[in-house]
Amino acid sequence: MTFTPLQVSPVFHEVLDRLEHSRDHLFITGRAGTGKSTLLRLFAASTRKKTVVVAPTGVAALQAGGQTIHSFFGFPPHLFGPHEVKKSRYAKLYQRIEVLVIDEISMLRADLLDRIDLCLRINRASILPFGGVQLVMFGDLFQLPPVVTRDEAGILHSWGYDSPYFFSAKSLQAPFHWDKIELQEVYRQQEKRFLRLLEDIRTQEADEDTLLELNERVDPSAEPGSFSLILAARNYKVDRINLGYLEALPGPERIFNATITGKFNASVYPTDALLRLREGAQVMFIRNDPDGAFVNGTIGAVTSIADNHAMVAIPRPGQEPKELKVNAITWEIIRYGFSAGQDGALTRDIVGTFEQLPLRLAWAVTIHKSQGQTFDKVILDLSGGMFEHGQLYVALSRCRTLEGISLRQPIRPQDIRVDARIVDFYLDR
């Protein structure tokens, strides 16, 4: 494995050392671009502890190389009370865990974290919190929130939860002790002024001057292309934009059919099962290349198409675009198990695969699907407004520089949606 400066930073070494050589329960957080996902992957790849990685959604689990919480613990998809948590036929698996890593913890409801605690206590026959398992949580509460309906919010309140956020879980209250580690150094952006603007948006401290400076980037006529793309809040808009630009291209269309095996739910397909491409199509890579030729989020343009591959040109600063041959690659759905024998080692069994070109049409991408990616040029479409807490911050923080951002509409104060309970939590911890 080739290590970047981010991966060998002293802070990363310190955190990895603490994860490996202590049993401390940790919440590892930080602004967008501080390397949380990289740190998680480094720990999972290097630890000698019996570690399980889970996430609240299928997409997040796929990106983290883990299993969904509901699948791993056998939980139903709806709200359920503590009386429904029983001894599991997978008890031996739970008994072998030393570390439980939960990625995208911001999306996890408080009650579900309490059910995880109870499940581990029951199945490990332990009165210790989380059955004695070391709990490590990754995420940024200022980004993706839990999805909670109005009815569910009422039920959570009746169950005694102050908020739906994970930090309101009863299992995390005293005397249980857990520490927050906040990664400070942002690797995605280097401009101090842009970083301050982003932090103002993140914590809802943006004033009139902040909005005026950001709204200097308004360009209603901005169009994607030349390796720039539109970020929009809603799927229907993104699909309409991409289809319109694709059908406007001359030349024949080629459809690449994904090969799907086993249990791979359509809701977590990393790209289209029927991927439509034409020469000239703007695309985004959705996986990292082991050889470093491209990364998740690299934008390119299709230059030619063959039966089983596409040629894609990607930009290079100060040079002509580099043309790459793009073949299909495989994503895997995994399920944790354990091997027979005295050591009872944890195993990662492949239960489903999805093989397709690692590309997605990218004249437009939803803000949600841009999570964790980095772009040089973005056009932010705010029509209809932002409907989730942290959505504007996620969109703006995808870009490396302020100069790389264009706005089709001015940012309004109501577009900056931050839950005050999150701000209070970060101030108190």
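The structure presented is a predicted model; accordingly, all values stated were derived computationally and were not measured.
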Would you find a donor on one side and an acceptor on the other, under 3.5 Å apart, between the side chain of Arg348 and the backbone of Gly65?
-> yes

Evaluation steps, side chain to side chain contact (heavy atoms under 4.5 Å, CB included), between Leu172 and Leu135 | CA-CA 10 Å; Leu172 295 187; Leu135 178 67; 4.1 Å; yes

Give a yes or no answer on whether the side chain of Arg400 reaches the backbone of Thr374 with a donor-acceptor pair at less than 3.5 Å.
-> no

Given the rule in the side chain to side chain contact (heavy atoms under 4.5 Å, CB included) test, do Ile411 and Leu382 qualify, once you have shown the distances and angles that lead to the verdict?
-> CA-CA 7 Å; Ile411 297 172; Leu382 298 171; 3.6 Å; yes

Heavy-atom check, side chain of Leu249 versus side chain of Glu279, under 4.5 Å = no

Gln356 side chain to Phe256 backbone, donor-acceptor under 3.5 Å = yes

Inter-residue atom distance His21.NE2 - Leu16.CG, 0.5 Å rounding | 9.5 Å

Here the gap from Leu26 atom CG to Lys180 atom NZ, rounded to the nearest 0.5 Å, amounts to 12.0 Å

For the pair Glu199 and Arg202, evaluate salt bridge (Lys or Arg N to Asp or Glu O under 4.0 Å) and give the outcome as yes or no after the intermediate values.
-> CA-CA 5 Å; Glu199 187 64 10; Arg202 180 179 186 250; 3.5 Å; yes

May I ask you to check whether Thr353 and Thr330 show a side-chain donor-acceptor distance below 3.5 Å?
-> no

Would a distance-only check, ignoring hydrogens and angles, find a side-chain to backbone donor-acceptor pair under 3.5 Å from Arg278 to Val302?
-> no

Measure the shortest side-chain to side-chain distance between Val11 and Glu185 over non-hydrogen atoms and say whether it is less than 4.5 angstrom.
-> no

Apply salt bridge (Lys or Arg N to Asp or Glu O under 4.0 Å) to the pair Asp349 and Arg335, showing each step before the final yes or no.
-> CA-CA 5 Å; Asp349 303 316; Arg335 178 176 294 160; over 6 Å; no

Gly404 backbone acceptor or donor facing Thr401 side chain under 3.5 Å = yes

Go through the side-chain N and O atoms of Glu104 and Thr57 and say whether any donor and acceptor fall under 3.5 Å apart.
-> no

Should Phe166 and Phe27 be marked as a ring pair (Phe, Tyr, Trp, His ring centres under 6.0 Å) after you check the CA-CA gap, both sets of side-chain angles, and the distance that decides it?
-> CA-CA 11 Å; Phe166 83 92; Phe27 169 42; 5.0 Å; yes

Pair Thr47-Glu20, side-chain donor/acceptor within less than 3.5 Å | yes

Please tell me if the side chains of Leu120 and Leu100 come closer than 4.5 Å, counting only heavy atoms from C-beta onward.
-> yes

Other residues, nucleotides, ligands: >12 heavy atoms within 6.0 Å of Arg193 CZ | yes

Picking from Asp200, Ile416, Leu197, Asp415, what satisfies side chain to side chain contact (heavy atoms under 4.5 Å, CB included) with Leu211?
-> Ile416

After noting the C-alpha distance and the side-chain angles of Leu346 and Leu93, does the key distance pass the side chain to side chain contact (heavy atoms under 4.5 Å, CB included) rule?
-> CA-CA 8 Å; Leu346 286 175; Leu93 169 61; 3.3 Å; yes

Give a yes or no answer on whether the side chain of Glu253 reaches the backbone of Glu247 with a donor-acceptor pair at less than 3.5 Å.
-> no

Give the minimum heavy-atom separation between Ser106 and Asp140, together with the two atoms involved.
-> CB-O, 3.5 Å

How far apart are the C-alpha atoms of Ile28 and Leu19, what are their side-chain angles, what is the distance that settles it, and do they pass the side chain to side chain contact (heavy atoms under 4.5 Å, CB included) test?
-> CA-CA 11 Å; Ile28 299 172; Leu19 287 169; 4.2 Å; yes

Measure up the Phe75 and Phe73 rings against each other and bin them: parallel (under 30°), tilted (30 to 60°), perpendicular (over 60°).
-> parallel

Parallel, tilted or perpendicular: ring planes of Phe264 versus Phe354, cut at 30 and 60 degrees = tilted

Would you call Leu113 and Ile102 a side-chain contact if the rule is heavy atoms closer than 4.5 Å?
-> yes

State, to 0.1 Å, how close Arg217 and Leu402 come at their nearest heavy-atom pair, and which atoms those are.
-> NE-O, 3.4 Å

Would a line drawn from the ring center of Phe72 to the ring center of Tyr94 be shorter than 6.0 Å?
-> yes

More than 12 foreign heavy atoms under 6.0 Å from NZ of Lys92: is that the case here?
-> no

Of all heavy-atom pairs linking Leu229 and Val365, the shortest is CD1-CG2, 3.4 Å

Would you say the side-chain atoms of Arg115 pair up with the backbone N or O of Leu79, donor to acceptor, closer than 3.5 Å?
-> no

Does CD in Gln414 sit with more than 12 non-hydrogen atoms of other residues, nucleotides or ligands closer than 6.0 Å?
-> yes

Over 12 foreign heavy atoms within 6.0 Å of CD, Gln319 | yes

Looking at residues at least two apart in the chain, or sitting in another chain, which of them share a side chain to side chain contact (heavy atoms under 4.5 Å, CB included) with Ser22?
-> Arg18, Asp24, Gln134

Side chains of Glu388 and Val394: does their closest heavy-atom pair fall under 4.5 Å?
-> no

Would you check if the side chain of Arg124 reaches a backbone N or O of Gln95 as a donor-acceptor pair within less than 3.5 Å?
-> yes

Does Arg240 make a cation-pi contact with Tyr236 (under 6.0 Å, within 45 degrees of the axis)?
-> no

Supply the atom-to-atom distance Ile69 CD1 to Ile116 CD1, rounded to the nearest 0.5 angstrom.
-> 4.5 Å

Give a yes or no on this: more than 12 heavy atoms of other residues, nucleotides or ligands lie within 6.0 Å of atom CZ of Arg48.
-> no

Would you say the side-chain atoms of Thr29 pair up with the backbone N or O of Gly139, donor to acceptor, closer than 3.5 Å?
-> yes

Pro358 and Val326, any side-chain heavy atoms less than 4.5 Å apart = yes

Neighbour count above 12 (heavy atom, 6.0 Å) for Lys322 NZ | no

Value rounded to 0.5 Å, distance of CG in Leu324 from NE2 in His309 = 11.5 Å

Over all heavy atoms of both residues, which pair between Phe375 and Leu231 is shortest? Give the atoms and the distance, please.
-> CE1-CD2, 4.3 Å

Would you say the side chain of Pro164 lies within less than 4.5 Å of the side chain of Arg421, judging by non-hydrogen atoms?
-> yes

Show your reasoning for whether salt bridge (Lys or Arg N to Asp or Glu O under 4.0 Å) applies to Glu191 and Arg196.
-> CA-CA 9 Å; Glu191 301 172 355; Arg196 195 185 72 75; over 6 Å; no

Could you tell me whether the side chains of Thr149 and Asp151 share a donor-acceptor contact shorter than 3.5 Å?
-> no

In Å, rounded to the nearest 0.5 Å, how long is the span from CG of Leu277 to CZ of Arg360?
-> 12.5 Å

Would you find more than 12 non-hydrogen atoms of other residues, nucleotides or ligands less than 6.0 Å from Lys377 atom NZ?
-> no

State whether the side chain of Thr51 and the backbone N or O of Lys49 hold a donor-acceptor pair below 3.5 Å, judged by distance alone.
-> yes

For residues Phe138 and Val53, determine if any side-chain heavy atom of one lies less than 4.5 Å from a side-chain heavy atom of the other.
-> no

Please report the closest heavy-atom contact between Ala273 and Tyr269, naming both atoms and the distance.
-> CB-CE1, 3.9 Å

Given Tyr165, Tyr426, Phe425, the one that forms ring pair (Phe, Tyr, Trp, His ring centres under 6.0 Å) with Phe142 = Tyr426

